[in-house]
Amino acid sequence: MSIDEYKPGLEGVPATLSSISYVDGQKGVLEYRGIPIEQLAQNSNFLETAYLLIWGTLPSTEELTSFEQEIYQHRRLKYRIRDMMKCFPESGHPMDALQSCAAALGLFYARRALDDPAYIHRAVVRLLAKIPTMVAAFQLMRKGNDPVQPRDDLNYAANFLYMLNEKQPDPLAARIFDVCLILHAEHTINASTFSAMVTASTLTDPYAVIASAVGTLAGPLHGGANEEVLDMLENIGTVDRVANYVDECIATKSRIMGFGHRVYKVKDPRATILQGLVEQLFDEFGSDLYYGIALELERVVSDRLGHKGIYPNVDFYSGLVYRKLGIPTDLFTPVFAIARVAGWLAHWKEQLAANRIFRPTQIYTGNHGQSYVKLDDRSTPLPPGLLALGQEL
Ligand code: CMC
């Protein structure tokens with residue numbers, strides 16, 4: 001195998017056949033099961049979209065009602081999961097808490113029957129139902145409060161905001177949050193979805209699949225970017241400092257968070273929809289000082305880096321929406337995960353239907369023909385700064 005065949009980051013390497021979602025990065029198109037994201041954002045709700053992604057078609061009224069009822073019935077957490085969460089350090093990142101809780105579900109629902117459609121259905125329902133409860137419960141517990149029980153009269157999005165903020169959300173806020181969940185539900189073979197698929201391909205349980213995807217989503221180059229965008233806007237502080245900030249990032253080759261995408265070379269269509277939601281929220285509940293900075297940042301980055309196809313991605317405006325909805329910054333990525341569980345589960349199900357374990361290859365760049373040297377005979381110099389055993393400080 002020649003080194004020319006190596007594609008760092010697997011760029012452009014097809015890793016699966018999939019009919020779940022489609023992206024045209026040149027035209028800024030995103031479709032779920034062939035339906036443009038704009039139409040879903042306008043007309044659908046998260047659970048209907050999740051059903052579409054996972055089962056491949058929009059549900060009938062009966063199918064949707066039954067799916068919603070099942071989810072609502074499974075939202076509560078076992079007290080042992082809550083007890084386990086009480087032992088987590090308050091200073092721990094909520095993504096780490098979520099990853100641990102998702103993995104722990106495998107202990108409680110240990111039976112594995114991947115060829116049984118009823119088992120797949122139950123796992124889908126459990127994960128979609130319990131992940132939001134876990135995120136909200138960790139938030140309340142780290143503040144020293146008891147978690148709030150889910151409310152069966154509230155839909156998926158409204159119930160999460162209720163469990164998080166301990167009060168019933170404004171209907172507009174709940175609807176906007178619902179749209180955010182739709183926008184984040186799926187996005188072809190990104191890093192976390194690929195991670196889910198690799199884990200799924202070993203035929204392990206679905207809780208391990210979701211736990212590995214949560215761990216992958218957490219990184220700042222992926223889902224963690226939304227959190228970093230807010231930190232960046234806060235650091236920039238005022239509109240007049242934006243141009244300097246961008247120039248400095250370019251000069252030092254630093255990443256500007258919330259910009260750039262492996263696939264999109266134009267503005268991410270989800271960023272356009274999110275920007276509209278930000279404006280709707282600000283019209284209703286008052287503006288945010290960071291919005292002016294964000295707009296100027298988009299203008300300057302497009303001007304300086306547009307020729308490289310660097311434009312806002314989904315993470316750029318989502319943080320501003322979440323901030324206005326009262327969601328703490330370090331919960332932005334867990335909220336992304338709540339939505340993305342739908343996409344991960346859709347890919348899990350698709351993977352199982354035509355499974356072959358992922359086992360790519362490598363191009364070896366090391367040595368051959370080396371001999372083992374006994375410890376006493378090794379004279380490797382210590383790296384600078386390290387003291388030899390017994391040497392005094
Ligand atoms: N700021 C400044 N320059 C950038 C950025 C950025 N955000 N993104 C890419 N570039 C430049 C990069 O320096 C490189 O320039 P050159 O060719 O001169 O060396 C060129 O664009 C291509 O970059 P790359 O690293 O090869 O691109 P990639 O496809 O490997 O990385 C990315 C994609 C999303 C990791 C990257 O754009 C990035 O780090 N963005 C900032 C983090 C971020 O917002 N992540 C969220 C991604 S979208 C949602 C999600 O996946 O969760």
Side-chain angles (χ1 to χ4, degrees), residues 6-13 15 21 23 25-26 28-30 37 95 98 180-197 212-233 235-236 242-275 294 296-322 329-344 347:
Y6 168 53
K7 304 278 181 218
L10 296 181
E11 180 167 2
V13 177
S21 64
V23 172
Q26 302 298 333
V29 170
L30 169 60
I37 191 66
M95 277 301 267
L98 180 60
C180 289
L181 295 179
I182 294 172
L183 297 178
H184 286 85
E186 157 65 7
H187 207 246
T188 72
I189 311 287
N190 51 80
S192 58
T193 302
F194 188 47
S195 182
M197 289 166 59
S212 69
V214 170
T216 308
L217 185 70
L221 294 187
H222 193 8
N226 55 15
E227 207 177 293
E228 309 240 345
V229 167
L230 254 266
D231 294 342
M232 173 183 72
L233 296 176
N235 285 339
I236 296 174
V242 168
N244 274 349
Y245 176 83
V246 173
D247 290 338
E248 218 173 284
C249 286
I250 294 172
T252 56
K253 295 194 176 302
S254 312
R255 295 296 156 116
I256 304 161
M257 286 295 148
F259 286 87
H261 198 277
R262 175 65 60 81
V263 184
Y264 292 118
K265 298 305 162 203
V266 294
K267 186 168 175 176
D268 184 329
R270 299 166 299 173
T272 306
I273 300 171
L274 280 160
Q275 189 173 1
E296 178 63 358
L297 196 56
E298 176 173 353
R299 192 191 66 75
V300 177
V301 173
S302 309
D303 179 55
R304 310 277 210 273
L305 294 172
H307 65 283
K308 285 192 192 178
I310 312 282
Y311 290 99
N313 59 47
V314 69
D315 289 324
F316 189 57
Y317 287 110
S318 62
L320 288 172
V321 177
Y322 297 152
T329 309
D330 65 357
L331 287 194
F332 293 177
T333 320
V335 163
F336 188 157
I338 289 175
R340 188 53 61 86
V341 167
W344 294 331
H347 284 273

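Each residue takes its place number in the sequence, starting with 1. Counting starts at 1 for both ligands and their atoms, in listed order. Just so it is clear, the structure is predicted and the values come from calculations on it, not from any experiment.
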Are any non-hydrogen side-chain atoms of Val314 and His261 less than 4.5 angstrom apart?
no

Could you list which atoms of ligand 1 come closer than 4.0 Å to a heavy atom of Gly258?
43 (C), 44 (O)

Which protein heavy atom lies closest to atom 34 (C) of ligand 1, and at what distance to 0.1 Å?
Gly260 O, 3.7 Å

Determine whether any protein heavy atom is located less than 4.0 Å from atom 19 (O) of ligand 1.
no

Which residue holds the protein heavy atom closest to atom 46 (C) of ligand 1, what is that atom called, and what is the gap in Å?
Asp315 OD2, 3.3 Å

Name the option, out of Met257, His261, Lys308, that contains the heavy atom nearest to atom 48 (S) of ligand 1.
His261

Could you tell me which atoms of ligand 1, counted from 1 in the order shown, lie closer than 4.0 angstrom to a heavy atom of Ile310?
4 (C), 5 (C), 8 (N), 9 (C), 10 (N), 11 (C), 21 (O)

Which atom of Phe194 lies closest to which atom of Ala15, heavy atoms considered
CE1-CB, 4.0 Å

Within the 4.0 Å heavy-atom shell around Val314, which atoms of ligand 1 are there?
49 (C)

Do protein heavy atoms approach atom 1 (N) of ligand 1 to less than 4.0 Å?
yes

Check: Ile256 N/O within less than 3.5 Å of ligand 1 N/O:
yes

Aromatic ring pairing Phe259/Phe316, orientation class (parallel under 30°, perpendicular over 60°, tilted between)
tilted

Any side-chain heavy-atom pair from Leu230 and Leu233 closer than 4.5 angstrom?
yes

Provide the number and element of each atom of ligand 1 under 4.0 Å from a heavy atom of Ala225.
43 (C), 44 (O), 45 (N), 46 (C)

Residues at least two apart in sequence or cross-chain that pass ring pair (Phe, Tyr, Trp, His ring centres under 6.0 Å) with His222, listed by chain then number, are none

Are any of the N/O atoms on Phe259, whether in the backbone or the side chain, positioned under 3.5 angstrom from an N/O atom of ligand 1?
yes

Quick one: which ligand 1 atoms are inside 4.0 Å of a heavy atom on Gly223?
52 (O)

Start with the C-alpha gap between Leu305 and Ile256, add the side-chain angles, then the distance that decides, and say whether side chain to side chain contact (heavy atoms under 4.5 Å, CB included) holds.
CA-CA 10 Å; Leu305 294 172; Ile256 304 161; 4.0 Å; yes

Just say parallel, tilted or perpendicular for the rings of Tyr322 and His184, cut-offs at 30° and 60°.
tilted

Protein heavy atom at shortest distance from atom 47 (C) of ligand 1:
Asn313 ND2, 3.6 Å

Test side chain to side chain contact (heavy atoms under 4.5 Å, CB included) on Arg299 and Val242; report intermediate values, then the result.
CA-CA 10 Å; Arg299 192 191 66 75; Val242 168; over 6 Å; no

Starting from atom 3 (N) of ligand 1, locate the nearest protein heavy atom and write down its residue, its atom name and how far away it is, to 0.1 Å.
Leu305 CD1, 4.2 Å

List the closest protein heavy-atom neighbour of atom 33 (C) of ligand 1: residue, atom name, distance to the nearest 0.1 Å.
Arg262 N, 3.8 Å

Here's a test for you: under side chain to side chain contact (heavy atoms under 4.5 Å, CB included), which of Asp315, Leu320, Val321 qualifies with Ser318?
Asp315

Do any pairs count as a salt bridge (Lys or Arg N to Asp or Glu O under 4.0 Å) and have a residue in residues 218-233, sequence neighbours left out, and if so which ones?
none

If we only count heavy atoms from C-beta on, is the Pro269 to Tyr264 side-chain gap below 4.5 Å?
yes

Protein heavy-atom contact under 4.0 Å for atom 38 (C) of ligand 1?
yes

Under 4.0 Å, counting heavy atoms only: does Phe336 come that close to any atom of ligand 1?
yes

Within the 4.5 Å heavy-atom criterion, are His187 and Thr193 side-chain neighbours or not?
no

Tell me the nearest of Lys253, His222, Arg255 to atom 24 (P) of ligand 1, using heavy-atom distances.
Arg255

Give the residue and atom name of whichever protein heavy atom lies nearest to atom 35 (C) of ligand 1, and the separation in Å to one decimal.
Leu221 O, 4.0 Å

